[in-house]
Amino acid sequence: MNDGFKRTVLVLSCACMTACSSLQLTPITMEMPETQRPALSVNDQVTVVLSSGEQLKLQVTATDKDALSGRLGASGEVRRVPWSEMRQVEHRVSEPIKTTLLVLTIYVVLGVALANSVARGLAKSLNP
């Protein structure tokens with residue numbers, strides 16, 4: 001397999017792992033007004049760090065002014081966690097601009113690779 005192709009696959013793989021979303025960490029404090037809490041939607045995957053240090057991986061089922069409710073990953077049990085018991089909430093946020101740029105970059109790289117391949121094939125056929 002050609003080295004250029006291997007490098008292209010490696011670069012695209014690295015870009016795909018990081019470009020489409022970012023991890024948002026939101027510290028939670030007792031004095032924090034509701035408007036500064038993370039904007040979470042039903043089915044978001046979050047990691048809640050409790051004041052005790054315990055970490056819970058949840059799929060959000062509901063949020064309200066007093067608590068976050070979610071389904072625990074391992075057991076499927078629904079748990080309601082009061083905001084007052086949380087130290088931090090981590091969740092992935094998708095970034096459409098980065099995703100669009102990634103897709104465009106992939107198309108450009110594939111176009112260059114295709115053009116290079118066609119040029120090599122044409123050069124071989126013209127030079128017997």
Side-chain angles (χ1 to χ4, degrees):
M1 193 178 279
N2 131 2
D3 285 338
F5 181 75
K6 287 180 184 178
R7 276 190 234 128
T8 302
V9 170
L10 178 65
V11 169
L12 291 177
S13 298
C14 291
C16 287
M17 287 190 276
T18 60
C20 297
S21 64
S22 62
L23 187 62
Q24 182 176 2
L25 305 173
T26 307
I28 307 294
T29 63
M30 295 293 286
E31 302 81 30
M32 179 180 277
E34 288 179 44
T35 56
Q36 292 181 351
R37 291 190 182 136
L40 301 173
S41 301
V42 172
N43 293 326
D44 281 353
Q45 300 292 326
V46 299
T47 301
V48 176
V49 180
L50 302 177
S51 301
S52 65
E54 180 184 4
Q55 290 189 6
L56 303 173
K57 292 188 182 287
L58 301 170
Q59 179 179 1
V60 177
T61 56
T63 61
D64 59 41
K65 66 179 183 123
D66 299 319
L68 165 69
S69 298
R71 190 172 317 279
L72 287 169
S75 67
E77 168 193 351
V78 175
R79 180 143 175 209
R80 187 172 190 274
V81 183
W83 293 106
S84 60
E85 292 180 15
M86 294 182 213
R87 182 179 350 154
Q88 178 175 292
V89 175
E90 304 172 0
H91 76 288
R92 291 220 169 266
V93 178
S94 65
E95 299 187 27
I97 292 174
K98 284 185 175 182
T99 303
T100 302
L101 289 173
L102 174 64
V103 169
L104 290 174
T105 301
I106 289 171
Y107 282 137
V108 167
V109 169
L110 290 175
V112 168
L114 179 63
N116 185 29
S117 178
V118 168
R120 284 185 182 182
L122 190 58
K124 283 182 182 179
S125 67
L126 293 176
N127 295 325

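Basis for what follows: all heavy atoms, side chains included, without hydrogens, waters or symmetry-related copies. Just so you know, residue 1 is the first one in the sequence shown, and it goes up from there.
- The shortest heavy-atom contact between Pro82 and Ala67 is CA-CB, 3.7 Å.
- Remark: Arg71 CZ is loosely packed, at most 12 non-hydrogen atoms of other residues, nucleotides or ligands lying under 6.0 Å away.
- Under a hydrophobic clustering in which Ile, Leu, Val, Met, Phe, Trp and Tyr are joined whenever their side-chain heavy atoms come within less than 4.5 Å, directly or via other members, Val60 and Val49 fall into different clusters.
- Scanning both residues, Thr61 and Val78, for their nearest heavy atoms gives OG1-CG1, 4.3 Å.
- Of all the heavy atoms in Ser69 and Arg80, the pair that sits closest is OG-CG, 3.5 Å.
- Criterion: ILVMFWY side-chain heavy atoms under 4.5 Å apart, direct or through other members. Under it, Leu40 and Leu72 are part of a common hydrophobic cluster.
- Nearest heavy atom pair, residue Trp83 against residue Asp64, reads NE1-O, 2.9 Å.
- Of the inter-residue distances, the one linking Gln55 atom CD with Leu50 atom CG reads 9.0 Å to the nearest 0.5 angstrom.
- Scanning both residues, Gln45 and His91, for their nearest heavy atoms gives O-CB, 3.6 Å.
- Under the 4.5 Å side-chain criterion, counting only non-hydrogen atoms from C-beta, Val48 is not in contact with Glu85.
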